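Right, one structure below, let's go through it.
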Number of protein chains: 2
Amino acid sequence: MKLLTRETDYSVRVLCHMAAKGNKQWTAAELYLDLRIPRPFLRRILQMMNKGGLLESRKGRSGGFRLASAPRTIKLADVVRLFQGELRLNECLFKKRICPDRKHCPLRSKIQSIEDYAVKQFEGTTIQSLLQGN
Amino acid sequence: MKLLTRETDYSVRVLCHMAAKGNKQWTAAELYLDLRIPRPFLRRILQMMNKGGLLESRKGRSGGFRLASAPRTIKLADVVRLFQGELRLNECLFKKRICPDRKHCPLRSKIQSIEDYAVKQFEGTTIQSLLQGN
DNA sequence: TATAATGATACTATTATTATATCATTTTAC
DNA sequence: GTAAAATGATATAATAATAGTATCATTATA
Ligand code: FES
Ligand code: FES
């Protein structure tokens, strides 16, 4: 099971790669050469990151992408949310049919606790902290 | 994203249901009537739990399934392991191609920490504790 | 010995993820 | 002005994992 999808994972790499080189602007082609992420896939996630406010883009001939904000302000949680939505490890498979009281289901509450922990980790991790190796 | 698959989830229900009624023996048909888990699917997971040592089975005319051990000794981690294998939230998508040092990859180590937490929760939860609601 | 149970296993369906392909639009170098 | 080089938008295909079904063999006993 993968906690992070490839979209998320690739995107983190892109962000880290960009952040490591200051405030440079990058074309999809350049990023492809450096990171070897499948090209059309890379383009799509760049566009999504642009829409999602993680990147800025310039169109046209000398266009490209750059970070929309400082690496220390970009949280892993933002990336996960963009590509995977709000983390939900906890979906009840039974919708009332079996479990009489979802709120107090002990199984759910364990999973909820794991989810909370994961979200806390994601919130506490920034692109900058990843670059610094902690 | 589901941290527990249906196989795991259904199986926990089966185990809890059985545990709530002492050491009774159950046929697949009885469990179906009580839990409404899709019949062929239910039969398959019962057989897997038998092979995996969580249940005992008796074949033949008055056969059926029963718990192989006391509810306080059956851990959620056992069920997860049986159906989902060793929890691995952490698979590296890049196999050496990009990340120079997997061991010290800060992204992986965050995820590893979440995985460790999850496993700890699973190890600390038993069928009995679920029945008791904690 | 017919019946009612599990054992084994092959198969299908559904869904989510991953990846590709195309064409439209924008900007600028010339 | 216009060709070129970039992103924007979006439809589609491929793959893999999960979920669910179906069938026949084997076993034990009423
Ligand atoms: S099973 Fe749905 S919440 Fe307990
Ligand atoms: S990416 Fe493979 S481990 Fe860091």
Side-chain angles (χ1 to χ4, degrees), chain A residues 1-14 18 24-33 35-66 68 80 82-85 87-89 91 93-95, chain B residues 1-11 13-14 18 24-33 35-66 68 79-80 82-85 87-89 91 93-95:
Chain A
M1 217 206 53
K2 282 165 305 187
L3 194 57
L4 304 185
T5 64
R6 273 189 203 201
E7 289 182 328
T8 304
D9 200 306
Y10 287 152
S11 295
V12 170
R13 273 156 229 289
V14 168
M18 284 180 165
K24 183 170 157 12
Q25 174 180 287
W26 304 75
T27 65
E30 289 169 327
L31 291 167
Y32 170 73
L33 287 177
L35 300 174
R36 315 306 292 191
I37 296 167
R39 233 177 305 203
F41 201 73
L42 172 61
R43 287 202 55 216
R44 234 189 29 190
I45 66 180
L46 288 169
Q47 290 180 11
M48 290 177 76
M49 283 195 279
N50 178 44
K51 277 191 182 169
L54 299 179
L55 296 181
E56 288 171 352
S57 76
R58 285 183 58 205
K59 297 187 226 179
R61 175 133 184 180
S62 59
F65 300 88
R66 69 174 65 234
V80 173
L82 179 58
F83 290 102
Q84 311 182 191
L87 195 64
R88 282 274 156 271
L89 302 180
E91 188 188 353
L93 302 171
F94 289 88
K95 341 215 155 179
Chain B
M1 217 207 53
K2 282 164 307 188
L3 194 57
L4 304 185
T5 64
R6 274 190 201 200
E7 290 182 327
T8 304
D9 199 308
Y10 287 153
S11 294
R13 276 156 227 288
V14 167
M18 285 180 165
K24 184 171 155 15
Q25 175 180 284
W26 304 76
T27 66
E30 289 169 327
L31 291 167
Y32 170 72
L33 288 177
L35 301 174
R36 315 307 291 192
I37 297 166
R39 233 176 306 204
F41 202 72
L42 172 61
R43 288 202 55 215
R44 231 186 32 187
I45 66 179
L46 288 169
Q47 290 179 12
M48 290 177 78
M49 283 196 279
N50 177 45
K51 277 191 182 169
L54 298 178
L55 298 179
E56 288 171 353
S57 76
R58 285 184 57 206
K59 297 187 227 179
R61 175 130 183 185
S62 59
F65 299 88
R66 68 174 64 235
V79 187
V80 173
L82 179 57
F83 289 103
Q84 312 186 65
L87 195 65
R88 282 273 156 271
L89 302 180
E91 188 187 353
L93 302 172
F94 290 88
K95 343 214 154 182

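Everything quoted here is computed from the prediction, not taken from an experiment. Letters A, B, ... are given to chains in the order of the sequence lines, protein chains preceding strands, and every chain is numbered from 1.
Atom CZ in A/Arg39 sits roughly 14 Å away from atom C1' in D/dA6 (whole-Å rounding). In this structure, B/Gln25 places its CD atom 12 Å from C1' of C/dA4, rounding to the nearest Å. Going from atom CG of A/Leu3 over to atom C1' of C/dT17 covers 15 Å, rounded to whole Å. A/Ile37 places its CD1 atom 12 Å from the P atom of C/dT20, with the value rounded to the nearest Å. Rounded to whole Å, atom P of C/dT17 lies 14 Å from atom CG of A/Asp9. As rounded to whole Å, 14 Å separates atom P of C/dA19 from atom CE of A/Met48. Here the C1' atom of nucleotide D/dT15 and the CZ atom of A/Arg6 are 11 Å apart, to the nearest Å. Whole-Å rounding puts the B/Glu7 CD to D/dG20 C1' distance at 10 Å.
B/Leu35 CG to B/Glu30 CD: the interatomic distance, rounded to the nearest 0.5 Å, is 11.0 Å. Note that the CG atom of A/Leu31 and the CZ atom of A/Arg13 stand 13.5 Å from one another [nearest 0.5 Å]. Of the inter-residue distances, the one linking B/Leu3 atom CG with B/Leu89 atom CG reads 6.5 Å to the nearest 0.5 angstrom. Atoms CH2 and CG, on B/Trp26 and B/Leu33 in that order, are 10.5 Å from each other to the nearest 0.5 Å.
Using a 4.0 Å heavy-atom distance criterion, B/Pro38 is classed as a sugar-phosphate-only contact.
Legend: residues meeting salt bridge (Lys or Arg N to Asp or Glu O under 4.0 Å) with A/Lys51, ordered by chain and number and at least two apart, are absent. Taking the side-chain contact (heavy atoms from CB on, under 4.5 Å) definition, one finds that A/Gln84 meets it with A/Leu4, A/Thr5, A/Thr8, A/Val80, sequence neighbours left out.
Legend: side chain to side chain donor-acceptor pair (under 3.5 Å) pairs involving residues 53-66 of chain B, not counting sequence neighbours, sorted by first then second residue: B/Asn50-B/Ser57.
Of the candidate nucleotides C/dT18, C/dT20, D/dT21, D/dT21 has the atom lying nearest to any side-chain atom of B/Phe41.
Using a 4.5 Å heavy-atom cutoff, the side chains of A/Arg6 and A/Phe83 are not in contact.
Considering only side-chain N and O atoms, B/Lys2 lies nowhere under 4.0 angstrom from the phosphate OP1 or OP2 of D/dA17. For D/dA19, neither phosphate oxygen OP1 nor OP2 lies less than 4.0 angstrom from any side-chain nitrogen or oxygen of B/Tyr10.
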Letter by letter from the 5' end, nucleotides 5-10 of chain C scores (B base, S sugar-phosphate only, - none; protein heavy atoms under 4.0 Å) BBBBB-
Show the distances under 3.5 angstrom between N or O atoms of the protein and N or O atoms of nucleotides 13-15 of chain C.
none

List the atom pairs, with distances to 0.1 Å, where a side-chain N or O of residues 40-49 of chain B and a protein N or O form a donor-acceptor pair under 3.5 Å, not counting sequence neighbours.
| residue | atom | partner | partner atom | Å |
| --- | --- | --- | --- | --- |
| B/Arg44 | NH2 | B/Glu7 | OE2 | 3.2 |

